[in-house]
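Every heavy atom of this structure was used, including side-chain atoms; hydrogens, water molecules and symmetry mates were not.
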Amino acid sequence: MFADARAALAAAAARAAATLAALPEAGRRSPEESAAAVKNEIRALRCAFLDAHVDAVYAELTDGRTRHLRLAELAGSAAIRFPGLVPTAAELAAERGRSQAAKEGHEIDQGIFFNRVLGSRASGPHLLDAMLRPTARALEAGPEFARTGTVDLGSVRVERRGAAAHVTMCRDDCLNAEDGRQVDDMETAVDLVLLDPATEVGLVRGGVMSHPKYAGRRIFSAGINLKALHAGDISLVDFLLRRELGYIHKLLRGVLVEDPARWHSRTLEKPWVAAVDGFAIGGGVQLLLVFDHVIAASDAFFSLPAAQEGIVPGAANLRLGRVARSRFSRSLVLGGRTVRATEPDARYLVDEVVDAPEMDDAIERGLESYRGPTVVANRHMLIAAEEPIDAFRRYMAEFALAQALRMYDDDVLEKVRRFSTRRATAVA
């Protein structure tokens with residue numbers, strides 16, 4: 001039955017691909033040349049196939065769950081071993097560099113795949129474990145960091161100062177607006193801090209900017225890099241999913257290690273402090289929701305304009321309801337509200353507000369207060385109670401598909417067209 005269904009899906013996908021190939025490129029089709037019906041039919045078949053066989057598919061891809069494949073590795077292997085299930089490397093490469101509006105929407109099929117994998121009680125936890133393991137890049141850089149206490153990853157710098165590791169986001173040209181490069185650097189940095197035996201607590205702070213409007217000032221985060229999003233350079237797998245299941249999840253739950261001496265705990269966990277200078281927008285606010293202590297300058301502000309951008313703000317919708325009342329969450333996510341650090345409602349995002357000249361002293365006090373094994377043990381139990389791993393898994397299953405669909409919905413593509421038109425007009 002599995003083999004027959006597999007062959008039938010491959011054949012149906014080949015027919016759908018031939019139909020799409022006969023049409024003009026995406027973004028240039030007339031209403032009469034719409035590919036919606038063809039795409040809907042094959043996507044329904046993919047959903048039905050995975051509903052019946054997702055655990056068999058995952059077991060084959062991971063050799064009976066003996067191999068831990070990360071997101072991109074898993075999707076790449078699925079494209080080869082299950083033709084028609086997810087886009088091939090060639091199909092994705094052909095769309096790389098195209099604007100979002102000119103893409104076929106293959107990432108929706110990746111969203112279907114990860115929706116079903118993460119939604120499985122058998123396969124989903126195994127994939128979460130794979131994403132909690134340290135990256136190869138971090139393992140390679142680990143000995144040097146342990147020896148020198150410093151590493152420059154490009155868009156992120158890490159420096160150990162005493163028992164604290166300072167992670168500085170330093171995309172000075174774009175106000176720490178995140179793209180795939182910064183996600184990779186942040187995951188490496190988080191791994192290094194968690195694996196470093198000399199570090200007890202981590203700090204994340206924005207560096208000094210060179211952007212003309214904020215030159216010489218520290219800025220925490222401008223969120224997702226909208227220029228990259230509209231240009232089609234923000235990937236579902238390598239950015240949107242990897243970000244949530246990789247470094248942000250590791251900030252919360254630690255890094256998974258295989259060490260017989262650690263029989264009492266599967267992960268290495270440490271407390272984390274965030275320091276917000278300037279502002280935290282979009283993804284910057286999402287980040288704050290996993291920190292143990294957040295310090296903000298009194299002139300800082302916060303916003304989560306996901307609804308205006310047309311996308312889902314990562315796992316913020318899962319976590320905001322825990323730390324804030326429902327009305328506040330809706331005003332922030334749906335209404336696009338801006339919150340100043342000095343407003344009463346800022347308490348839902350920030351633990352401590354100090355004047356900008358006092359930030360360094362407040363950071364040192366915060367780092368010192370979060371040291372010690374008792375902090376780690378109680379932090380672990382708080383997280384277990386506040387966000388059970390299974391709740392996170394189920395949320396991320398829904399997120400994988402919902403975010404993929406949003407990336408290619410008409411309202412988002414219209415925003416892309418308007419953005420591209422404004423840029424072209426400005427250049428002219």
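Looking at R181 and D233, no side-chain N of the basic residue comes within less than 4.0 Å of a carboxylate O on the acidic one, giving no salt bridge. Ionic pairing of E258 and R266 is not present here: no N-O contact between side-chain nitrogen and carboxylate oxygen is shorter than 4.0 angstrom. Salt-bridge formation is detected for the pair K39/E104: a Lys NZ or Arg NE/NH1/NH2 atom is positioned less than 4.0 Å from an Asp or Glu carboxylate oxygen. Residues D179 and R171 are paired through a salt bridge, judged by an N-O separation under 4.0 Å between the basic side chain and the carboxylate. A salt bridge does not link R243 with D238: none of the charged nitrogens is closer than 4.0 Å to a carboxylate oxygen. With respect to the salt-bridge test (charged N to carboxylate O, under 4.0 angstrom), the residues K270 and E200 do not qualify. Between R147 and E144, at least one side-chain nitrogen of the basic residue sits less than 4.0 Å from a carboxylate oxygen of the acidic one, meeting the salt-bridge criterion.
Between the CZ atom of R394 and the CG atom of L318 there is a distance of 9.5 Å, given to the nearest 0.5 Å. Rounding to the nearest 0.5 Å places CE of M169 at 12.0 Å from CG of D185. Here CD1 of I389 is found 6.5 Å from CG of L132. Values are rounded to the nearest 0.5 Å. Note: L304 CG to L334 CG = 9.5 Å, rounded to the nearest 0.5 Å. Note: H106 NE2 to D109 CG = 7.5 Å, rounded to the nearest 0.5 Å. Once rounded to the nearest 0.5 Å, the distance linking SG of C170 with CG of D152 reads 6.0 Å.
F82 carries R6 over the face of its six-membered ring, with the cationic atom under 6.0 Å from the centre and within 45° of the normal. Taking the ring centre of Y58 as origin, the terminal cationic atom of R65 falls outside the region bounded by 6.0 Å and 45° from the ring axis.
Side-chain contact between F302 and T338 is absent, with no heavy-atom pair separated by less than 4.5 Å. Taking the side chain as every heavy atom from C-beta outward, D277 and F220 never approach each other to under 4.5 Å. In this structure the side chain of M396 reaches within 4.5 angstrom of the side chain of L118, judged on heavy atoms. Counting heavy atoms from C-beta on, the side chains of M186 and V167 come closer than 4.5 Å. No side-chain heavy atom of N225 sits under 4.5 Å from any side-chain heavy atom of F239. A 4.5 Å side-chain heavy-atom check between P87 and Q110 finds at least one atom pair inside the cut-off. Counting heavy atoms from C-beta on, the side chains of L252 and I383 come closer than 4.5 Å. Inter-residue side-chain proximity for L192 and V151 is flagged as met; some heavy-atom pair is nearer than 4.5 Å.
Annotation for R157: atom CZ does not count as buried by contact number, only 12 or fewer foreign heavy atoms lying within 6.0 Å.
Formation of a donor-acceptor pair under 3.5 Å by the E107 side chain with backbone atoms of L236 is found in this model. Not one N or O on the side chain of D184 forms a donor-acceptor pair closer than 3.5 Å with the backbone of G180. A donor-acceptor pair under 3.5 Å links the side-chain atoms of S221 to the main chain of G223, judged by distance alone. For Q403 (side chain) and V312 (main-chain N/O), a donor-acceptor pair under 3.5 Å exists by modelled atom type. A side-chain donor-acceptor contact under 3.5 Å links E91 to the backbone of T88. A donor-acceptor distance shorter than 3.5 angstrom exists from the side chain of R406 to the backbone of G310, with no hydrogens or angles considered. A donor-acceptor contact shorter than 3.5 Å is absent between the side chain of R337 and the backbone of V333. Here the side chain of R137 pairs no donor or acceptor atom with the backbone of T188 at under 3.5 angstrom. Not a single donor-acceptor pair under 3.5 Å links the side chain of R46 to the backbone N or O of F113. Looking at K250, its side chain never comes within 3.5 Å of a backbone N or O of E187 through a donor-acceptor pair.
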Does the pair V273 and F291 meet the rule for a side chain to side chain contact (heavy atoms under 4.5 Å, CB included), with working shown? CA-CA 6 Å; V273 174; F291 282 91; 5.6 Å; no
side-chain hydrogen bond (donor to acceptor under 3.5 Å, both in side chains) between S331 and R327, intermediate numbers included: CA-CA 6 Å; S331 70; R327 292 296 105 197; over 6 Å; no
Please assess K103 against E95 for the test salt bridge (charged side-chain N to carboxylate O under 4.0 Å, His left out), listing each intermediate value before the final yes or no. CA-CA 6 Å; K103 293 187 177 184; E95 295 208 324; 5.5 Å; no
Could you walk me through whether R205 and D360 pass salt bridge (charged side-chain N to carboxylate O under 4.0 Å, His left out), step by step? CA-CA 11 Å; R205 191 180 188 185; D360 289 345; 2.9 Å; yes
Check the pair F279 / Y214 against ring-ring contact (aromatic ring centres under 6.0 Å, His included), numbers first and verdict last. CA-CA 11 Å; F279 49 76; Y214 297 95; 5.5 Å; yes
Can you check side chain to side chain contact (heavy atoms under 4.5 Å, CB included) on F2 and V57, steps first, answer last? CA-CA 9 Å; F2 179 43; V57 169; 4.0 Å; yes
For side-chain hydrogen bond (donor to acceptor under 3.5 Å, both in side chains), just list the numbers for E352 and H293, CA-CA rounded to whole Å, side-chain angles, deciding distance to a tenth of an Å, and then say yes or no. CA-CA 8 Å; E352 185 178 357; H293 190 72; 3.0 Å; yes
For the pair L289 and Y348, evaluate side chain to side chain contact (heavy atoms under 4.5 Å, CB included) and give the outcome as yes or no after the intermediate values. CA-CA 9 Å; L289 299 175; Y348 296 122; over 6 Å; no
Dump the intermediate steps for side chain to side chain contact (heavy atoms under 4.5 Å, CB included) on F328 and V323, then the final yes or no. CA-CA 10 Å; F328 174 81; V323 302; over 6 Å; no
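Tested against L50, the residues D55, N115, L85, V117 include a single side chain to side chain contact (heavy atoms under 4.5 Å, CB included) partner, L85.
Taking all atoms of both residues into account, the shortest heavy-atom contact from T168 to R218 is CG2-NH1, 4.5 Å. D191 and A138 get closest at one heavy-atom pair: CB-CB, 3.4 Å. Across A300 and V276, no two heavy atoms sit closer than the pair CB-O, 4.0 Å. Counting all heavy atoms, side chain and backbone alike, P388 lies closest to A385 at CD-O, 4.0 Å. Taking all atoms of both residues into account, the shortest heavy-atom contact from V201 to L367 is CG1-O, 3.7 Å. Between L61 and S77, the closest heavy-atom pair is CD2-OG, 3.4 Å.
Classified by interplanar angle (parallel below 30°, tilted 30° to 60°, perpendicular above 60°), the ring pair Y395/F399 is parallel.
If you check the side chains of H380 and E269, you find a donor sitting under 3.5 Å from an acceptor. For the residue pair R116 / S120, no side-chain donor-acceptor distance below 3.5 Å is found, with atom types taken as modelled.
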